[in-house]
Enquirer: 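Below you'll find the structure I mean.
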Amino acid sequence: MYGLNLDWEIEPGPRTCTLEDYKGAEARWCPGCGDHAVLNAVHRLARDERWPTERTVVVSGIGCSSRFPHYMSTYGFHGLHGRALPVACGIRSRRPDLDVIVITGDGDCCAIGTAHWIHAIRYNMNLTVLLLDNNIYGLTKSQTSPTTRFGEKSNTHPKGSFFASLNPISVTLGIPNASFVAQTIDWNPPHLYATIKAAHRHQGTSFVRILQRCPHFTPHVFAPAQQDLNQVLLMTHAEGIQLEEPARKLFPNCVEHDPRDLAAARRLADREDVYPVGLFYRKEGALRYDEHTATGIDFTPQQKLDALNRILDRFRI
Amino acid sequence: MYGLNLDWEIEPGPRTCTLEDYKGAEARWCPGCGDHAVLNAVHRLARDERWPTERTVVVSGIGCSSRFPHYMSTYGFHGLHGRALPVACGIRSRRPDLDVIVITGDGDCCAIGTAHWIHAIRYNMNLTVLLLDNNIYGLTKSQTSPTTRFGEKSNTHPKGSFFASLNPISVTLGIPNASFVAQTIDWNPPHLYATIKAAHRHQGTSFVRILQRCPHFTPHVFAPAQQDLNQVLLMTHAEGIQLEEPARKLFPNCVEHDPRDLAAARRLADREDVYPVGLFYRKEGALRYDEHTATGIDFTPQQKLDALNRILDRFRI
Amino acid sequence: MSKELAVASGFSEHRCILLPVDQHIVEIVSDSGEGAQTCGQMFGALCAKSGFGVWTVEIIPAEIEPPARSRAGASGNRIRIGSQPVTNAGDCADLVVAFNEQVVYSRIDAGALRAGTLLFLDNCWASDPDPSIRSMYAEAVEDFLRRGYEVSEIPVQEQCRQYTEDPRRGKNMWVLGMLCALYDLDMDLVRRELAQRFARKGDAVIQKNLALLEGGHNWTVKQVERRFHVPARKPAQPMVVMNGNQALGLGIMAAGIELCSMYPITPATSASHFLASVFEQVGGFVHQAEDEIAAIGFAIGASYAGKTAVTITSGPGLALKTEFLGLAVMAEIPLVVVVVQRGGPSTGLPTKIEQGDLLASLYGSPGDSPKIVLAPATIEECFHFMVLARKLAEEFRGPVIVLSDANLATGQQPFPRPSPSLSWLAPPVDQNDWNPDVPPFAWDPKTGLSKRPVPGQKGGEYVLTGLAHDEHSHVAYESAINQRAMEMRSRKLAVLRSALRPPAVHGDAEGDLLVVGWGSTLGAIEEAVDRLRAEGWRVSSLHLRFLSPLEPGLPEIFARFRRVMTVEINYSDTPGQPYIEEGSRRYAQLATLLRAQTLVDVDCWSRVPGSPLPPGAIVEALRPRLEAITRNREVESCTA
Amino acid sequence: MSKELAVASGFSEHRCILLPVDQHIVEIVSDSGEGAQTCGQMFGALCAKSGFGVWTVEIIPAEIEPPARSRAGASGNRIRIGSQPVTNAGDCADLVVAFNEQVVYSRIDAGALRAGTLLFLDNCWASDPDPSIRSMYAEAVEDFLRRGYEVSEIPVQEQCRQYTEDPRRGKNMWVLGMLCALYDLDMDLVRRELAQRFARKGDAVIQKNLALLEGGHNWTVKQVERRFHVPARKPAQPMVVMNGNQALGLGIMAAGIELCSMYPITPATSASHFLASVFEQVGGFVHQAEDEIAAIGFAIGASYAGKTAVTITSGPGLALKTEFLGLAVMAEIPLVVVVVQRGGPSTGLPTKIEQGDLLASLYGSPGDSPKIVLAPATIEECFHFMVLARKLAEEFRGPVIVLSDANLATGQQPFPRPSPSLSWLAPPVDQNDWNPDVPPFAWDPKTGLSKRPVPGQKGGEYVLTGLAHDEHSHVAYESAINQRAMEMRSRKLAVLRSALRPPAVHGDAEGDLLVVGWGSTLGAIEEAVDRLRAEGWRVSSLHLRFLSPLEPGLPEIFARFRRVMTVEINYSDTPGQPYIEEGSRRYAQLATLLRAQTLVDVDCWSRVPGSPLPPGAIVEALRPRLEAITRNREVESCTA
Ligand SMILES: Cc1ncc(C[n+]2csc(CCOP(=O)(O)OP(=O)(O)O)c2C)c(N)n1
Ligand SMILES: Cc1ncc(C[n+]2csc(CCOP(=O)(O)OP(=O)(O)O)c2C)c(N)n1
Ligand code: SF4
Ligand code: SF4
Ligand SMILES: [Mg+2]
Ligand SMILES: [Mg+2]
């Protein structure tokens with residue numbers, strides 16, 4: 001496919017299949033940090049689905065969460081604050097054979113990266129985007145993020161934020177061509193795993209907001225919902241995220257929600273009394289930009305040269 | 001209020017009151033460009049409401065539409081491509097006495113300026129934002145903009161855009177704390193005028209998308225809706241944009257829509273068969289960031305000095 | 001080709017009123033929207049195809065839609081033609097065709113006319129219904145005569161009415177016919193070109209335009225006595241003609257670059273327009289991003305994944321790409337960045353030429369960001385430097401900035417048709433297994449060079465990072481690792497420099513004054529130097545293509561001249577102005593670089609007119625300096 | 001104050017085992033999270049309040065949450081104290097208190113220990129349940145002894161158990177008590193400080209910490225024989241102690257700046273944290289924007305509206321502000337931009353010191369962007385330069401970049417308490433009518449200076465633009481207008497320079513070698529120079545605060561030395577390495593500037609260790625150069 005060296009296509013060889021095979025450097029997040037849970041889920045999914053490490057690329061920005069790629073044994077791109085998505089789209093643009101996972105934080109994605117987030121959703125290339133939302137800037141030591149709740153204190157708003165917090169789900173649902181929008185929590189491994197799995201299976205940009213605990217700076221933010229799963233609302237549906245029965249039973253609060261119903265998804269997204277988890281919305285047949293960006297990757301050098309000569313000749317004197 | 005020179009507060013003097021008083025340099029848009037219509041509406045509103053030229057600031061980015069401030073006789077800030085909103089917010093932050101109007105284009109606001117747009121809506125400072133949306137990059141001579149419709153040709157997509165176009169209204173309605181979201185058309189002066197007037201009256205960020213004809217590059221885009229007002233859907237409501245009866249009669253297609261109903265607003269925004277015009281949404285009591293940013297502007301120099309000395313003394317050895 | 005040339009000269013034999021000229025500067029100016037630009041571009045291309053040397057410069061109005069008959073609205077083209085290759089736009093015009101008298105004033109303001117310039121002026125305004133227009137016109141004609149132009153009032157509009165109802169939209173084709181007659185072009189060639197150009201618009205359009213064209217041609221042959229003949233040279237090899245942005249686009253394709261990721265900005269955008277219209281034929285793709293940051297990020301992503309990419313922009317866009325450029329340096333990501341310079345700072349003069357982005361290219365990124373910076377000097381080089389830049393980006397594993405400018409971008413020039421070869425194309429992405437013992441930054445301790453694994457290569461899995469890192473791409477904060485990695489990245493520039501040859505001197509290898517330039521000023525500087533040498537001055541010039549690293553041998557070359565100075569189109573303080581002293585004077589950008597690197601007292605003459613520097617202006621700027629140097633030399637030899 | 005000092009010395013009179021020392025370097029290091037940083041900061045502040053000279057440097061771990069007992073996790077503080085004012089962090093530590101043996105290795109790697117360093121080591125690891133830890137500990141102690149450190153194994157953890165259940169969280173206060181005893185501080189002062197520091201946390205916390213503190217103190221007084229006494233000097237004027245980012249924040253308030261618009265970035269953010277906690281008391285406001293572009297745009301908006309604003313950032317943020325900086329230059333908008341430099345390029349070394357953003361500050365914006373660039377050299381100057389910068393921004397109507405760095409940002413230093421005055425504050429916004437005959441850019445033809453109308457001023461209505469414009473702020477594309485406007489904007493730098501004094505030379509006004517520095521290296525360079533002078537070398541130094549424009553008189557000063565070189569914390573190629581030759585060598589950033597401006601062959605010694613340059617290292621770098629110069633001098637005089 002990429003020219004002369006096609007061996008890897010012909011002979012895949014034995015695939016990696018233990019958790020260890022997917023582990024990179026030792027994770028350096030605080031004990032109890034929700035990022036560990038997400039990493040575990042991704043490691044397990046990679047193992048279960050036998051991702052080829054050499055064709056998986058984990059792309060991130062800058063933040064605690066964006067250290068993620070270092071803790072994987074795949075290819076990784078730990079780039080600039082807020083700019084994971086353009087890089088991921090660029091990788092994907094001409095390499096449809098690569099599996100691209102994006103890890104971003106609430107500052108990374110919803111503050112400095114806002115423009116790329118909105119447009120990546122619109123492009124709907126085949127990416128799995130995991131937004132690790134701890135409602136705070138972790139790495140830079142506690143500043144208000146766009147998702148920080150009104151009144152929450154941080155180092156930049158010592159008396160409490162005076163902003164209405166941004167709802168990444170409601171914004172994403174406002175973008176035409178959004179094709180997969182889900183929410184999950186780091187403290188329920190089965191749901192976390194099932195959601196990431198469904199997102200990864202989805203063809204197009206899957207956007208998953210993970211409510212992520214930051215015991216270091218915002219221990220209290222998700223603690224109530226962790227202690228009391230009543231504050232979490234499980235969205236269930238045959239078309240949604242599928243949980244095994246034992247796992248499902250842990251959620252006292254459920255609502256049947258058809259992820260094809262955008263209006264209902266938006267209403268659920270707006271709820272402030274509970275954290276809805278599961279699949280808000282999935283759209284079939286959304287336009288896929290990467291169906292266009294890769295056109296021509298199979299041209300042979302000679303084809304290119306011939307075409308170029310034809311074009312050049314239009315400029316002949 | 002700003003220290004020693006309070007004369008202008010005490011003696012306002014005779015206010016300007018003819019159209020000429022608000023005209024700046026001669027407008028240099030193409031004949032038939034919708035920007036002329038918007039300029040006329042703003043000139044008229046300024047005259048009718050006797051805006052003080054010295055306390056009105058028109059802020060823009062770069063684009064055909066962003067030439068706007070030059071054609072006003074008020075203060076103006078014709079800044080950088082995509083960056084009108086941060087500048088406008090900055091102006092407003094410490095000068096609540098200034099009336100700040102923002103003029104932006106679909107490229108300016110919805111491409112390079114996306115992050116500022118999303119966050120300005122969230123900040124909800126008192127600004128009137130007019131998005132002149134011609135579905136194209138005009139100034140740089142016809143490139144696809146985020147609002148260009150799928151399949152439309154431009155110089156960067158000579159075979160037609162392969163993107164789902166962004167809907168500025170649906171995105172804005174997804175942002176919590178959005179407080180005034182309206183849409184109008186450049187080719188119906190009464191509705192244009194009434195909408196800008198209502199937006200200007202609104203306390204908070206009023207976001208008005210104006211469908212704007214670009215006869216130079218996209219003559220066909222809004223032509224059908226201009227020729228056939230059936231393609232326009234007038235949203236009416238006692239809480240919405242008020243039109244005089246004769247003007248209202250021009251719209252064969254009307255729907256009663258309560259601008260307090262967010263779900264209905266979103267459904268209307270999604271409609272692709274017609275252009276809804278009028279007020280989609282208004283929220284009472286949205287948080288206003290500029291209520292915080294200006295705290296302390298009335299401190300006297302001596303007050304500042306005293307406080308500073310107190311703080312300094314905490315570092316005393 | 002050769003047949004066409006033969007026909008052309010056959011045709012000219014039948015006319016005896018043809019004045020042979022070696023070179024001529026022609027301008028055609030109209031209100032914006034009247035089509036003088038199309039006319040000028042076509043005339044330029046036709047002259048090139050007729051075997052003339054050609055250089056064109058666009059005359060671009062300042063406003064989006066300037067009012068009719070205004071100075072601000074002048075739009076058109078300057079075409080300098082000659083028997084020999086033409087290397088710059090020259091000084092004053094020999095012949096101007098103007099659609100109204102006001103646009104002539106715009107050209108007068110720009111210093112484009114001189115006593116003796118032939119001025120063809122549409123006379124429709126003499127009979128305009130509006131008396132004020134009539135009198136403006138009459139006054140202007142008188143004024144033009146007083147200024148010494150040879151004015152011919154000609155009935156353009158009146159003539160056009162024979163062929164079209166809307167003469168405003170037809171004049172330009174009539175004038176094209178006129179110019180073809182004035183310069184004795186082969187009408188068969190012209191007809192073919194016109195038919196081809198309007199092919200997509202259908203037969204009716206072609207016929208109407210042909211009628212206008214023939215009308216203008218016939219009228220001129222009958223009515224205009226003095227016409228010209230430029231002896232065409234049969235070029236030794238096949239030639240092409242295009243503008244610099246087309247050359248960039250073609251060069252990108254010839255380099256095998258697969259992706260152009262951009263955000264629109266004048267004057268860079270037309271390169272992407274061209275690419276968008278043809279790129280798919282070579283399997284390439286243009287991505288229009290949501291902003292310049294995303295544009296470079298997308299290109300970097302593609303490059304990380306093994307596909308060479310280019311991002312094209314201009315000053316304000318370069319500013320926004322600064323941070324990602326730093327990442328490309330830090331993480332050694334190959335990337336070609338084309339900057340088509342325009343007038344700055346800030347939004348500045350978006351459509352006008354300047355060479356103001358050199359220092360920003362070298363030093364824009366915070367921290368130490370050694371990168372390669374090239375500047376093509378001709379349209380031909382715009383093509384070839386794309387192949388060069390891609391290879392350098394990959395070989396030296398980092399960003400390569402290529403500085404073009406508004407003048408190259410829109411000017412047209414013929415040059416030998418390149419013969420692209422397979423070896424110019426980027427090699428296919430290597431997907432063989434990677435030896436896991438080789439780290440992703442296996443810096444050669446001497447050269448700093450290393451090979452990179454690309455996703456898909458088994459065993460090469462690594463995490464790219466913009467943090468300080470060791471050769472395994474592991475984040476590392478140790479002093480020694482940081483020092484070493486910085487050394488490795490910087491070393492690459494020295495290695496590249498060691499592979500470069502010292503630049504050639506134009507003129508004698510020693511003398512009184514050496515003029516150093518870069519970018520699109522090549523032709524104007526060399527023409528100025530040639531003129532001064534013809535006057536007897538001991539002046540030479542040298543033109544740099546590599547700005548970072550600087551080409552070697554400069555101190556040795558400089559040492560053979562009494563004085564060295566740069567000529568640039570960017571800002572420098574002019575000595576003698578208030579407060580400007582040695583020590584506070586801010587130098588032109590290349591001069592600043594050369595001074596720091598060579599410690600030679602490199603002077604500069606630089607201006608920011610927003611237009612190319614005419615050779616005559618350079619001559620006038622250099623002559624007093626040469627006089628002063630010569631005086632000093634004499635004083636020295638007296639006192640010696 | 002004076003009473004406290006008296007008590008302190010009274011206390012010391014009762015102890016005879018106190019060794020008087022003139023200066024000492026103390027380090028306290030623990031795992032990240034064990035509080036050595038708090039302990040160090042408090043000890044530094046206490047020393048300052050005791051009348052010592054103090055300079056602190058934070059020891060910052062590289063990782064977010066490094067594993068316990070690891071080199072990567074070393075966290076803490078270095079505190080250099082002395083009878084005289086202390087100007088830099090010095091060389092090796094005299095005394096180290098470490099919570100485990102692994103963090104000591106991190107300091108050994110950093111070159112912070114020497115034979116003879118007193119090393120106090122928590123001995124809890126000797127009895128750790130994990131045998132591997134026990135043996136690691138034992139081996140390390142042996143190794144330390146072999147290396148010649150004076151190791152004291154002390155029962156920190158064991159002692160702490162008396163006062164707290166979780167000794168890991170209490171050790172730092174016990175060690176603080178220990179240090180206070182070791183350096184003979186007035187315990188009343190210490191107790192007061194501690195009570196104040198924990199006031200918000202309630203009485204229980206205060207009591208527990210006090211107990212730990214007293215415990216550490218008493219234990220030390222009883223058990224440690226050799227303790228130290230630094231003779232404190234009663235300062236002539238009232239003093240304050242703070243770090244550089246606090247000084248910036250206080251300076252911002254003293255300048256009357258009303259708005260700080262920022263986006264978080266290390267190591268700049270803590271300045272905004274400080275401001276956020278106090279700014280409202282002076283009527284100021286901190287805006288945390290959605291990104292750096294919006295941050296500077298917001299500040300520019302406020303400034304356009306007449307309110308002076310500051311934006312604070314570090315390298316990657318500076319890169320993003322480039323475009324708006326160009327606008328501020330073009331449209332002459334006053335603005336203070338603080339860049340707290342960190343290790344680059346790209347994300348680089350976010351918590352570490354570098355002086356790598358000088359050239360990016362000067363040349364970052366495309367086009368010609370003359371702007372003022374300052375660099376404070378001390379924490380005191382961080383304060384005062386804010387007032388200076390605001391005034392310059394307004395007087396010269398444009399952006400002023402102030403370059404601080406990670407070292408100044410987090411280091412603590414005592415300095416005379418500033419006496420803010422009303423004249424330092426920004427004047428109230430002028431809302432009087434504007435004379436409509438005066439255009440918004442009424443450039444003084446000599447100086448380029450002009451006054452600006454501010455919204456609210458009737459008659460001053462104008463449209464600011466980033467396009468080329470005339471004095472009315474009307475968009476203008478004419479050559480002459482562009483040239484003139486560029487001249488006017490550039491002229492302002494020459495005017496400012498004409499108002500500056502030549503910098504003072506530290507040491508003799510002539511000699512063999514002049515060392516030039518800028519920014520936070522002041523103290524280390526001067527200490528190095530003093531040591532070398534004491535050895536008899538003819539070396540002096542000079543420290544620049546104005547980098548753009550450069551301070552005047554440099555050529556004259558340089559001429560009085562045989563060689564001139566800069567010492568900087570940024571990258572330069574080292575001569576002698578492969579491929580690095582005269583002509584290809586890339587110089588340090590200030591050296592590059594000085595070479596271009598003065599044409600003097602300014603050499604450089606620069607390194608990028610991510611930590612301050614110790615004076616000893618500078619001495620070692622300079623000595624061989626001095627030897628070479630002296631040799632040459634002797635050769636010269638022999639041959640003469
Ligand atoms: C251009 C730029 N601006 C700012 C920073 C500093 N910075 C690093 S991470 C971060 C925010 C991280 O917050 P978030 O994205 O929520 O990630 P978290 O640490 O909470 O996982 C910031 C502001 C940077 N590295 N680059
Ligand atoms: C940083 C930067 N990038 C790109 C440009 C070029 N540019 C100027 S206007 C424009 C787009 C204008 O489109 P829009 O905002 O829709 O305004 P319109 O002209 O259609 O009114 C672009 C890309 C610029 N001036 N600055
Ligand atoms: S600071 Fe918060 S987000 Fe960062 S690693 Fe620690 S717990 Fe996780
Ligand atoms: S190009 Fe289009 S948007 Fe621009 S002035 Fe002309 S009609 Fe208006
Ligand atoms: Mg976060
Ligand atoms: Mg537009």
Side-chain angles (χ1 to χ4, degrees), chain C residues 62 315-316 318-320 322-323 326-327 329-330 343-349 352 356-357 359-360 363-370 446 466-468 477 479 482-483 486 490-491 494-495 497-498 549 552 555 570-571 573 578-580 583-584 586 592 595-597 599 601 607-611, chain D residues 62 315-316 318-320 322-323 326-327 329-330 343-349 352 356-357 359-360 363-370 446 466-468 477 479 482-483 486 490-491 494-495 497-498 549 552 555 570-571 573 578-580 583-584 586 592 595-597 599 601 607-611:
Chain C
L318 173 63
L320 290 169
T322 310
E323 193 194 6
L327 178 70
V329 170
M330 180 61 136
S346 196
T347 313
L349 294 166
K352 308 270 181 173
D357 300 346
L359 291 175
Y363 299 126
S365 297
D368 190 55
S369 307
K446 258 189 146 169
L467 284 158
Y477 290 73
S479 301
N482 195 41
Q483 180 75 31
M486 295 264 236
S490 179
R491 185 76 49 78
V495 171
R497 183 170 175 278
S498 76
N570 54 35
Y571 181 76
D573 289 331
Y579 292 96
I580 305 302
S584 73
R586 300 177 60 247
T592 303
R595 291 168 66 87
Q597 200 74 342
L599 299 178
D601 186 2
R607 287 293 179 274
V608 284
S611 53
Chain D
L318 173 63
L320 290 169
T322 310
E323 193 195 5
L327 178 70
V329 170
M330 181 60 136
S346 196
T347 312
L349 295 167
K352 308 269 180 173
D357 300 347
L359 291 176
Y363 299 126
S365 297
D368 190 56
S369 307
K446 257 186 144 168
L467 284 158
Y477 288 74
S479 301
N482 195 42
Q483 181 74 32
M486 295 264 237
S490 179
R491 186 75 51 77
V495 171
R497 183 171 176 276
S498 76
N570 53 36
Y571 180 74
D573 290 330
Y579 292 94
I580 305 302
S584 73
R586 300 178 60 248
T592 303
R595 291 168 67 85
Q597 199 74 342
L599 299 178
D601 186 2
R607 287 294 178 274
V608 284
S611 54

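Protein chains get the first letters and strands the later ones, always in sequence-line order, with residue 1 at the start of each. These values consider heavy atoms only, across backbone and side chains, with no hydrogens, waters or symmetry-generated copies.
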Enquirer: Between C:Pro549, C:Gly356, C:Gly348, C:Ser611, who has the most heavy-atom pairs with chain D when the cutoff is under 4.5 Å?
Expert: C:Gly348
Enquirer: Does D:Ser479 use its side chain to pair, donor to acceptor, with the backbone of C:Pro609 at less than 3.5 Å?
Expert: yes
Enquirer: Go through the atoms of D:Asn570 and report whether side chain, backbone, both or neither lie under 4.5 Å from a heavy atom of chain C.
Expert: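 Neither part, no heavy atoms under 4.5 Å.
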Enquirer: Among C:Leu320, C:Val329, C:Asp368, single out the residue with the greatest number of heavy-atom pairs under 4.5 Å to chain D.
Expert: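 Top option by heavy-atom pairs under 4.5 Å: C:Asp368.
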Enquirer: Search all heavy atoms of D:Val608 against all heavy atoms of C:Gln483 and return the closest pair with its distance.
Expert: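 Closest heavy-atom pair between D:Val608 and C:Gln483: N-OE1, 2.9 Å.
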Enquirer: Chain D: which of C:Lys446, C:Glu323, C:Arg586 shares the most heavy-atom pairs with it under 4.5 Å?
Expert: C:Arg586
Enquirer: For C:Arg491 versus D:Pro578, what's the shortest heavy-atom pair and its separation?
Expert: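 Closest pair (atom of C:Arg491, atom of D:Pro578, distance): CD-O, 3.0 Å.
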Enquirer: Tell me the closest heavy-atom pair linking D:Tyr579 and C:Ala494, and the distance in Å.
Expert: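 The answer is O-CB, 3.5 Å.
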Enquirer: Testing the basics here: between C:Arg595 and D:Ala596, what is the closest heavy-atom pair and its distance to 0.1 Å?
Expert: NE-O, 2.8 Å
Enquirer: For D:Pro316, is it the side chain, the backbone, both or neither that has a heavy atom under 4.5 Å from a heavy atom of chain C?
Expert: both
Enquirer: Looking at CG of C:Leu327 and OG1 of D:Thr347, how far apart are the two atoms once the value is rounded to the nearest 0.5 Å?
Expert: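 These two atoms lie 6.5 Å from each other.
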Enquirer: Can you tell me how far CG of D:Asn482 sits from NZ of C:Lys352, rounded to the nearest 0.5 angstrom?
Expert: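 Reported to 0.5 Å precision, the distance equals 9.5 Å.
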Enquirer: Taking only residues two or more places apart in sequence or in another chain, which ones pass ring pair (Phe, Tyr, Trp, His ring centres under 6.0 Å) with D:Tyr363?
Expert: C:Tyr363
Enquirer: Please look at C:Ser365 and chain D and tell me whether the side chain, the backbone, both or neither of the residue comes under 4.5 angstrom of a heavy atom of that chain.
Expert: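 For C:Ser365, the backbone is the part near chain D, not the side chain.
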Enquirer: Heavy-atom distance under 4.5 Å to chain C: side chain of D:Pro370, backbone, both or neither?
Expert: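 Answer is both: backbone and side chain atoms of D:Pro370 are under 4.5 Å from chain C.
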Enquirer: As an exercise, state the distance from OG1 of D:Thr592 to CD of C:Gln597, rounded to the nearest 0.5 Å.
Expert: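 Spacing of OG1 (D:Thr592) from CD (C:Gln597) equals 8.0 Å.
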Enquirer: With chain D as the partner, which of C:Gly583, C:Ala468, C:Gly344 has the greatest number of non-hydrogen pairs under 4.5 Å?
Expert: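 Sorted descending by pairs with chain D, the first entry is C:Gly583.
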Enquirer: Any idea which heavy atoms bring C:Asp357 and D:Pro366 closest together, and the distance?
Expert: OD1-CB, 3.3 Å
Enquirer: Picking from C:Ile580, C:Asp573, C:Thr322, which has the most non-hydrogen pairs under 4.5 angstrom with chain D?
Expert: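 Going by pairs under 4.5 Å, I would pick C:Thr322.
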Enquirer: Between C:Ser346 and D:Met330, which heavy-atom pair has the shortest distance, and what is it?
Expert: CB-CB, 3.7 Å
Enquirer: Could you tell me whether the side chain of D:Met486 reaches within less than 4.5 Å of the side chain of C:Pro345, counting heavy atoms only?
Expert: yes
Enquirer: Go through the atoms of D:Arg497 and report whether side chain, backbone, both or neither lie under 4.5 Å from a heavy atom of chain C.
Expert: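 The side chain, not the backbone.
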Enquirer: May I ask you to name which of C:Gly364, C:Gly466, C:Ser369 has the most heavy-atom pairs under 4.5 Å with chain D?
Expert: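 The option with the most such pairs is C:Gly466.
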